[in-house]
Amino acid sequence: MTTQRPRVTRNAPKFQDLLRDTRFWRVAGQVIAVLLFLLLVILVIDNVIYNLRALGIQLGFGFLGSQASFDIGETLISYNPADSYGRAILVGLVNSLRVIAVGLVLATILGLVAGIARLSNNWLVRQLALVYVETIRNIPLLLQLFFWYFAFFLQLPNVANRITLPGPTFLSSRGLYLPWIQGSAGAGVWLLLLALGIVGAIALWQWRTRVMQEQGVPGNQFWWALTPIVAAIALAYIINGAIPFSITLPQLVGTEQIEGGLRLSPEFGTLLLGLVVYTGSFIAEIVRAGIQAVPQGQWEAARALGLKPGRVMQSVVLPQALRVIVPPLTSQYLNLAKNSSLAIAIGFPDVYFVASTTFNQTGRAVEVMFLIMITYLTISLIISLAMNLFNRTVQFKER
Amino acid sequence: MQTELPPPIAPPISRASSPWEWMRVNLFSTWYNVILTIVCTVVIVVGVSNLLRWVFDIAQWNVVATNLQLFFVGRFPPELYWRVWLSLGVLAGLAGIAWGFSRKDARWFSRSTLIALGIIFAAVILLPLPLSSRLWLLAIALVATVGYTIGRQLPANFSGWFPVAWGVAFLVVWWLIKGGLGLAPTPTTVWSGLLLTLLTATTSIILSFPLGVLLALGRQSPLPVVRGLSTLYIEVIRGLPLIGILFLAQVMLPLFLPPWFRDLDRVLRAIAGLVLFSAAYLAENVRGGLQAVPRGQAEAAKALGLSAPLTVSLIVLPQALKAVIPAIVGQFISLFKDTSLLALFGLLELTGIARSILAQPEFIGRYAEVYLFIGLIYWIFCYGMSQASRNLERKLNVGQR
């Protein structure tokens with residue numbers, strides 16, 4: 001029997017050994033990745049420069065200063081067609097922020113209600129919530145916006161034949177008219193004094209709680225905290241001699257005109273309704289999952305303590321459910337903010353709509369796209385930052 | 001030793017004996033439940049009666065009946081309809097096989113089989129279709145049934161072939177629709193309706209899948225540069241609205257590409273946009289799966305002497321992907337819904353064709369009918385997919401215990 005002599009492996013390192021070495025790959029992988037990335041960037045930039053030159057386009061943000069000369073249907077800050085493109089985009093941004101802010105609040109409320117209703121011990125309530133969630137979630141938002149706008153808002157009767165809802169609230173093809181509050185002359189003083197009162201109330205509350213915990217005295221912090229607020233209100237009333245706001249009701253002037261109150265245009269109303277109803281259905285599922293993640297024993301313990309059902313939900317279940325709810329809720333908030341760009345489908349002048357009009361007039365694709373990117377990235381960043389801070393406060397504080 | 005979990009104890013609430021008892025427990029247990037029940041009943045009665053009156057009395061459904069072909073295949077040339085039907089037949093046959101395979105032990109006529117048959121027959125009889133379409137539908141139902149019978153006979157180790165079969169079927173369908181290789185090519189401008197919706201959604205998810213897996217691996221990579229670039233891509237794309245990315249794809253993609261490659265047609269540009277978008281979301285889903293694989297698995301593979309690429313492709317990825325199948329189905333559902341945005345860029349997919357139907361002078365103002373009808377189509381697909389994924393999830397969970 002002939003045995004083969006084992007080969008000596010301790011000679012100079014071969015190329016093959018290098019390929020099997022993790023340390024080599026750790027460096028080589030990064031170098032390759034950087035080179036590929038740079039190659040891609042150079043290729044893209046080269047193409048862009050070549051293509052722009054071929055089309056005779058020059059880059060630069062100078063166009064933002066030139067006259068926009070298109071009108072915007074809805075503005076919160078003053079604007080007229082003689083203003084610059086920059087101003088127009090700012091108007092659009094304010095409109096976007098308005099719909100996002102109101103939408104976030106309303107969608108949260110709707111989602112919370114529907115999510116809790118999904119777990120109600122009332123069979124009908126449960127089924128209604130289920131039908132809402134399963135219908136709305138499975139139909140595209142764009143289609144829902146078209147439906148609300150064309151099949152609902154635009155089919156409403158005109159102002160003369162308006163629908164009157166209790167409130168008094170009017171619904172017509174010109175929009176939704178709601179009673180609203182209007183700040184009066186002394187509102188600044190009121191706000192200042194109220195802010196001071198609230199700061200005082202928080203300080204008193206904390207001081208009183210500490211005293212109660214340290215010395216073991218019984219007592220109610222609530223009445224202590226209420227005093228500075230009542231004092232602030234009384235003081236403000238003495239200074240101004242009037243309440244800080246008045247309620248304006250929508251009123252019919254002539255036959256075709258409604259004045260006073262708050263008017264929500266059909267476009268704003270549609271976008272808000274669509275976003276709230278759509279996002280609310282997703283939030284409902286998140287809330288339901290979060291509540292179901294709270295162990296059954298927590299419910300039972302709370303009930304054993306004699307707490308009422310509403311109190312169990314508010315003080316025991318929801319605070320624990322929030323740990324599960326907040327992270328996916330953040331991404332729904334981001335979705336709502338991004339989906340607000342669908343305003344273009346129904347002609348609500350949000351930032352995307354105005355930017356798109358600017359692109360159509362100036363042909364500045366690269367710059368406009370850059371502006372859109374920066375705007376939405378900033379909005380997304382702010383929302384996720386705020387939600388991450390909130391998330392930190394609801395998570396377990398482990399020692 | 002106890003080896004099985006005790007059977008879950010049903011809550012006492014559901015043990016209502018008579019209908020009266022059931023109502024007392026589920027509807028009128030407390031005073032506020034009585035109020036809620038009354039309010040809900042009023043809402044349901046008013047809502048449903050108004051809806052029924054509208055559906056049967058006010059709505060004019062002829063806009064849907066006349067345009068049925070436009071909704072489904074749009075402007076596809078009528079003499080080439082056989083290619084669409086054949087594609088549907090291929091898919092139905094394969095689906096039948098897969099279904100039969102997954103229900104080997106079930107009885108032949110279970111409830112779901114009967115429901116499916118009932119729906120098909122109702123569609124064939126009730127829908128105002130020309131005779132040829134009815135014959136095609138019957139033939140396809142027959143193919144699906146034959147597939148179901150074959151699927152029940154297949155050996156258990158066949159399951160590995162399904163991904164291959166679906167891949168081949170996808171290519172065959174693309175070939176049938178697009179033409180070329182012996183068939184007359186159709187320009188993408190005639191693709192429309194549900195056909196275009198399904199084509200763009202399926203193609204985008206299939207193309208974005210490898211990209212998404214690569215991005216997820218890149219984000220988990222120990223190499224800081226790779227990780228940084230992947231994270232940057234994912235976060236930027238996820239921070240943008242889809243409509244912005246589609247704008248980028250429609251308007252700016254031609255600027256980024258070399259001149260000889262610039263004549264990309266609109267459908268392909270839209271698919272490119274959807275792929276770029278979907279890959280970032282898919283990457284986050286896959287990352288969740290990667291994080292769920294215990295580190296010991298990779299260490300064991302390394303201890304066996306597997307190289308890093310082999311460890312990832314043979315050990316880690318299969319486990320990670322299996323864990324995130326429901327999330328991927330969810331991603332597919334949202335991509336399917338998101339294709340409706342292509343209507344804003346002038347493509348005639350389901351929402352786009354609905355708008356063009358509404359622009360016909362004889363159907364002006366029939367918004368509610370048309371939008372409800374295509375809403376129903378979207379709903380059937382999305383709800384079906386979400387139920388299927390729920391079933392799959394249940395099945396996978398059973399396997400793991």
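Bear in mind that the values here come from a model prediction, so they are computed numbers and not experimental data. Note that these values count all heavy atoms, side chains included, but never hydrogens, waters or copies made by symmetry.
A/I344 touches chain B through its side chain: at least one heavy atom from C-beta onward sits under 4.5 Å away, while N, CA, C and O do not. For a residue to count as touching a neighbouring chain, one of its non-hydrogen atoms must lie under 4.5 Å from one of that chain's; by this rule B/V236 touches chain A with backbone and side chain alike. The contact between B/E235 and chain A is made entirely by backbone atoms, counting heavy-atom distances below 4.5 Å. Only the side chain of A/R126 comes within less than 4.5 Å of a heavy atom of chain B; its backbone N, CA, C and O stay farther away. Both the backbone and the side chain of B/L240 come within contact range of chain A, each with at least one heavy atom under 4.5 Å from a heavy atom of that chain. Only the side chain of B/R355 has a heavy atom closer than 4.5 Å to any heavy atom of chain A. If you measure heavy-atom distances from B/T41 to chain A, the contacts under 4.5 Å come from both the backbone and the side chain. If you measure heavy-atom distances from A/L334 to chain B, you find no contacts under 4.5 Å at all. Using a 4.5 Å cut-off between heavy atoms, B/S340 touches chain A through backbone and side chain atoms alike. Both the backbone and the side chain of B/L248 come within contact range of chain A, judged by heavy atoms closer than 4.5 Å. Using a 4.5 Å cut-off between heavy atoms, B/L358 does not touch chain A at all. In this structure, no portion of A/F152 lies under 4.5 Å from any heavy atom of chain B.
A/V125 approaches B/C40 most closely through the heavy-atom pair CG2-SG, 3.7 Å. Across A/V366 and B/M252, no two heavy atoms sit closer than the pair CA-CE, 3.8 Å. Contact record, B/F256 with A/N51: N-ND2, 4.4 Å, taken as the closest heavy-atom pair. For the pair A/S380 and B/G239, the tightest heavy-atom approach, listed with the atom from each and the gap, is OG-O, 3.2 Å. The two atoms that bring A/E134 and B/W379 nearest to each other are O-NE1, 3.0 Å, heavy atoms only. Residues A/N138 and B/K337 share a closest heavy-atom pair of C-CD, 4.1 Å.
How far CZ of B/R238 is from CG of A/N335: 9.0 Å, rounded to the nearest 0.5 Å. Here the CG atom belonging to A/L124 is positioned 11.0 Å from the CD1 atom belonging to B/I38, to the nearest 0.5 angstrom. In this structure, OG on A/S341 lies 7.5 Å from CG on B/L341, to the nearest 0.5 angstrom. Between B/Y281 atom OH and A/S331 atom OG the span is 8.5 Å, to the nearest 0.5 Å.
Between chain A and the options B/F247, B/F381, B/Y32, B/F336, heavy-atom pairs under 4.5 Å are most frequent for B/F247. Listed options B/P222, B/C382, B/P241 were ranked by heavy-atom pairs under 4.5 angstrom with chain A; first place goes to B/P241. Interface check for chain B: of the options A/I383, A/T135, A/L52, the most heavy-atom pairs under 4.5 Å are formed by A/T135. In terms of heavy-atom pairs under 4.5 angstrom with chain B, the leader among A/L377, A/V131, A/T378 is A/L377. Options B/L36, B/I333, B/V226 differ in how many heavy-atom pairs under 4.5 Å they form with chain A, and the most are formed by B/L36. Heavy-atom pairs under 4.5 Å with chain A peak, among B/S334, B/P224, B/S29, B/A343, at B/P224. Listed options B/Y378, B/Y383, B/Y371 were ranked by heavy-atom pairs under 4.5 angstrom with chain A; first place goes to B/Y371.
Formation of a donor-acceptor pair under 3.5 Å by the A/K338 side chain with backbone atoms of B/I243 is not found in this model. With hydrogens and angles ignored, the 3.5 Å screen pairs no side-chain donor or acceptor of A/Q30 with any backbone N or O of B/L223.
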List the atom pairs, with distances to 0.1 Å, where a side-chain N or O of residues 141-150 of chain A and a protein N or O form a donor-acceptor pair under 3.5 Å, not counting sequence neighbours.
unit_1 : atom_1 : unit_2 : atom_2 : d
A/Q144 : NE2    : A/I136 : O      : 3.0
A/Q144 : NE2    : A/I139 : O      : 3.0
A/Y149 : OH     : A/E267 : OE2    : 2.7

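Other residues, nucleotides and ligands contribute at most 12 non-hydrogen atoms within 6.0 Å of the CZ atom of A/F370.
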inquiry  = If you apply the rule side-chain contact (heavy atoms from CB on, under 4.5 Å), what do you find for A/N47 with B/L255, and how did you get there?
reply    = CA-CA 7 Å; A/N47 282 332; B/L255 288 180; over 6 Å; no

request  = Kindly determine whether A/V44 and B/L257 satisfy side-chain contact (heavy atoms from CB on, under 4.5 Å), including the steps that lead there.
outcome  = CA-CA 7 Å; A/V44 165; B/L257 294 175; over 6 Å; no

message = Show, in sequence, the C-alpha distance, side-chain angles and deciding distance for A/F359 and B/V251, and conclude whether the side-chain contact (heavy atoms from CB on, under 4.5 Å) test is met.
response = CA-CA 10 Å; A/F359 158 70; B/V251 177; 3.5 Å; yes

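Remark: the A/N122 side chain and the B/N26 side chain contain no N/O donor-acceptor pair separated by less than 3.5 Å.
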